[in-house]
Amino acid sequence: MRLTRRLTLAAFAGALALGTAIPAFSADLIAIITPAHDNPFFKAEAVGAEAKAKELGYEALVMTHDDDANKQSEMIDTAIGRGAKAIILDNAGADASVAAVKKAKDAGIPSFLIDREINATGVAVAQIVSNNYQGAQLGAQEFVKLMGEKGNYVELVGKESDTNAGIRSQGYHDVIDDYPDLKSVAKQSANWSQTEAYSKMETILQANPDIKGVISGNDTMAMGAIAALQAAGRKDVIVVGFDGSNDVRDSIRAGGIKATVLQPAYAQAQLAVEQADAYIKNKTMPKEEKQLMDCVLINSDNSGKLETFALTN
């Protein structure tokens, strides 16, 4: 027994001498993986999840995959290597993320998805997402009202690999298409990007100078659109977004963007951590894997109550 112990210690010392990587395990680690934090929505998710994890006594490992499925897979490997007890994930693609989440499950690590679904069930413990269809209908109803039920408009769509992009677009059209005097003159993806939305809006505006409105799949693209419109001196064009960011709140209060739809990113992330905690401690499963959280319309009436993707009292 003493010989075995000496050999083990010698092997360990040898590994250190050779610089061999020894995994750093944590008994109480939760990995939080989201898209890049230059989008305030994803940053709010990470901040909310990390705050709740620490409140519940966990160490938090926060990483960003930049919507790169390969990078996401590497981060899942990191979480597995670090011995994470759970993974909170806003994924990098509905199809592309299934294998990574399954890899975590096979390693005994439960995943709790937020914001975006994957195209598989029984792989993640939970998929907690905003009710994107309900939220899009709220935004579309406000858009129709602001447009006076007529005029040419543009739609900016999110990343095509993201299920939410299609659901929001469908929700918009299921309302707007009931008004024959509202005519879509352009529908383009700006991939959730403010810079890309600015560029696309410039080009669309040159080809369609008579547009009256822009409805956007998220706030980041709405901010790019309003910037391009203002640069062109077009303060008459109605812009509606989706997310509930502080940037759009400020634009609404300044008379720029007219409305957005709040999806509760912060609360969603915190709920995921609470469910992870229940699973880690008691193997308690949520009642349903797929869980929808309703969205709220934000306009000039209530924008003053909006703070970091949540409404204050």
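- When only modelled atom types and interatomic distance are considered, Asp67 and Trp192 share no side-chain donor-acceptor pair under 3.5 Å.
- Between Asp247 and Arg249 there is no salt bridge, since none of the side-chain N atoms of the basic residue sits less than 4.0 Å from a carboxylate O of the acidic one.
- Under the 3.5 Å distance criterion, the side-chain polar atoms of Arg168 are left unmatched by any main-chain donor or acceptor of Gly135.
- Side-chain contact annotation: Gln275 with Gln291, donor-acceptor N/O pair under 3.5 Å present.
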Next on the checklist: Determine whether Gln134 and Cys295 satisfy the following criterion, side-chain contact (heavy atoms from CB on, under 4.5 Å), listing intermediate values before the conclusion.
Outcome noted: CA-CA 7 Å; Gln134 170 260 350; Cys295 302; 3.6 Å; yes

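- The closest donor-acceptor contact from the side chain of Gln268 to the backbone of Asp115 lies under 3.5 Å.
- Separation of the Tyr172 and Phe143 ring centroids does not fall under the 6.0 Å cut-off.
- Between Lys71 and Glu74 no salt bridge is recorded (no basic side-chain N to carboxylate O distance below 4.0 Å).
- For Asn164 and Arg116, the side-chain atoms include no donor-acceptor pair closer than 3.5 Å.
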Next on the checklist: Lys290 vs Thr121, test: side chain to side chain donor-acceptor pair (under 3.5 Å). Steps then yes/no.
Outcome noted: CA-CA 9 Å; Lys290 291 193 176 182; Thr121 57; over 6 Å; no

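- For the residue pair Ser97/Gln72, the side-chain donor-acceptor check at 3.5 Å is satisfied.
- Taken from CD1 in Ile252 to CG in Leu306, the straight-line distance is 7.5 Å, to the nearest 0.5 Å.
- Using a 4.5 Å cut-off on side-chain heavy atoms (C-beta onward), Asn152 and Lys212 make no contact.
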